[in-house]
Amino acid sequence: NMYKIWKFSLVKQLLFVFSLVVAIIIVSYSYMFMMNKQMEKEADVLATTELELLLINEEMYRIFSQLYMASSSYVITANEQYVAQFTSSIAAVDAQIEQLNAFEANEERDALIRTGSEWIASVQQNVFPIVNSENREAAVSSYELLKPQIEEVLEGYYALNEMRASNIS
């Protein structure tokens, strides 16, 4: 009789242990599933934000390249159509900056915006007014002094784009 009670009790104990193990497995898988969903959601938000910033920064690189080409062409040819291209590209920069303002501030990006804006102002104030003057070489000379600034902007946007692209992948 005693053997039956002990045997029954052993079966109960084994079932209890088995049930406990199954419950622990179910709870741990549920927890991992919820954590995985949360991480996917956070990764999706990060990737979406990084992608939007990448696209805007690539556009800034393209626009500053256009500004560089338009200003160089104007200094070389004195053809006013390049001033019009330069001016329309400035409006495009302003539109991109407006989009960037919707995102969290970024020290490197903000420095590029400042440097780019300073370069634009310098070209408009110190180079363009003297292109059609008698001393054309002064315009070329002034423009050459500004080259490192625009090259810094272009290299900065290129590096920022590379970093954003690697963050996404």
Side-chain angles (χ1 to χ4, degrees), residues 30-169:
S30 298
Y31 176 75
M32 288 188 323
F33 178 77
M34 290 185 329
M35 291 304 292
N36 192 29
K37 281 293 185 192
Q38 181 65 27
M39 288 171 50
E40 283 178 7
K41 189 176 177 182
E42 290 171 5
D44 186 43
V45 169
L46 177 67
T48 303
T49 301
E50 288 291 322
L51 181 60
E52 287 180 53
L53 285 168
L54 173 64
L55 294 173
I56 294 169
N57 287 336
E58 283 179 341
E59 185 64 12
M60 289 291 275
Y61 179 84
R62 187 189 66 74
I63 295 167
F64 272 102
S65 295
Q66 287 178 334
L67 285 163
Y68 186 38
M69 295 308 296
S71 59
S72 297
S73 298
Y74 180 61
V75 168
I76 293 167
T77 66
N79 185 333
E80 293 292 324
Q81 82 178 26
Y82 296 115
V83 175
Q85 288 175 3
F86 189 87
T87 305
S88 68
S89 292
I90 292 171
V93 166
D94 292 340
Q96 295 302 309
I97 290 172
E98 190 69 33
Q99 286 185 354
L100 285 170
N101 288 337
F103 295 93
E104 194 173 299
N106 176 294
E107 195 174 312
E108 186 177 356
R109 182 187 70 221
D110 293 344
L112 287 172
I113 290 170
R114 272 191 307 280
T115 304
S117 297
E118 290 167 4
W119 177 80
I120 289 169
S122 294
V123 167
Q124 288 179 311
Q125 294 165 8
N126 303 325
V127 178
F128 283 3
I130 57 175
V131 166
N132 287 321
S133 70
E134 295 294 318
N135 190 358
R136 187 99 176 258
E137 286 181 23
V140 172
S141 213
S142 295
Y143 188 72
E144 287 296 318
L145 291 173
L146 298 175
K147 258 186 164 177
Q149 201 173 18
I150 188 61
E151 288 170 353
E152 177 187 334
V153 170
L154 291 172
E155 289 168 9
Y157 276 113
Y158 184 83
L160 206 54
N161 291 340
E162 290 294 309
M163 186 226 14
R164 294 240 180 264
S166 73
N167 286 351
I168 292 170
S169 54

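Distance CG/Leu53 to OG1/Thr49: 7.0 Å, rounded to 0.5 Å. Taken to the nearest 0.5 Å, the CD1 atom of Ile120 stands 10.0 Å off from the OG1 atom of Thr87. A distance of 12.0 Å separates CD in Gln66 from OH in Tyr61, rounded to the nearest 0.5 Å. To the nearest 0.5 Å, atoms OH (Tyr157) and CD1 (Ile56) are separated by 10.5 Å. Atoms CG and CD, from Asn57 and Gln96 in turn, are 9.0 Å apart once rounded to the nearest 0.5 Å.
Contact record, Arg136 with Thr77: NH2-C, 3.4 Å, taken as the closest heavy-atom pair. Between Ala92 and Ile63, the shortest heavy-atom distance links the atoms CB-CD1, 3.5 Å. Closest of all the heavy-atom pairs between Pro129 and Val123 is CD-O, 4.3 Å. In plain terms, the two heavy atoms of Tyr82 and Ala70 that are nearest each other are CB-O, 3.3 Å. Between Leu67 and Ser89, the closest heavy-atom pair is CD2-CB, 3.5 Å. Taking every heavy atom of both residues into account, Asn161 and Leu54 meet most closely at O-CD1, 3.4 Å.
More than 12 heavy atoms of other residues, nucleotides or ligands lie within 6.0 Å of CE in Met32, so this atom counts as buried by the packing criterion. Atom CE of Met69 has 12 or fewer neighbouring heavy atoms from other residues, nucleotides or ligands inside a 6.0 Å radius. For CD of Glu137, the number of neighbouring non-hydrogen atoms (other residues, nucleotides, ligands) closer than 6.0 Å is 12 at most. Heavy-atom contacts from other residues, nucleotides or ligands closer than 6.0 Å to OH of Tyr158 number 12 or fewer.
Take Arg164 and apply the side chain to side chain donor-acceptor pair (under 3.5 Å) test, not counting sequence neighbours, and it matches Glu50. For Glu144, the side chain to side chain contact (heavy atoms under 4.5 Å, CB included) criterion is met by Val140, Lys147, not counting sequence neighbours.
With hydrogens and angles ignored, the 3.5 Å screen pairs a side-chain donor or acceptor of Ser88 with a backbone N or O of Gln85.
Under the 4.5 Å side-chain criterion, counting only non-hydrogen atoms from C-beta, Leu100 is not in contact with Asp110. Looking at Leu160 and Met60, their side chains never come closer than 4.5 Å, going by heavy atoms from C-beta outward. Side-chain contact between Lys37 and Glu40 is present, with heavy atoms from C-beta onward closer than 4.5 Å. A 4.5 Å side-chain heavy-atom check between Ser71 and Val127 finds every atom pair outside the cut-off. Between Gln124 and Ile90 the shortest side-chain heavy-atom distance falls below 4.5 Å.
Checking Glu80 against Tyr74 by side-chain atom types alone, a donor-acceptor pair falls below 3.5 Å.
Sorted by first and then second residue, the pairs that involve residues 59-71 and meet salt bridge (Lys or Arg N to Asp or Glu O under 4.0 Å), not counting sequence neighbours, are Glu59-Arg62.
The aromatic rings of Trp119 and Phe86 sit tilted, their planes meeting at an angle between 30° and 60°.
With Tyr68 as the fixed residue, the side-chain contact (heavy atoms from CB on, under 4.5 Å) test singles out one of Leu146, Val153, Ile150: Ile150.
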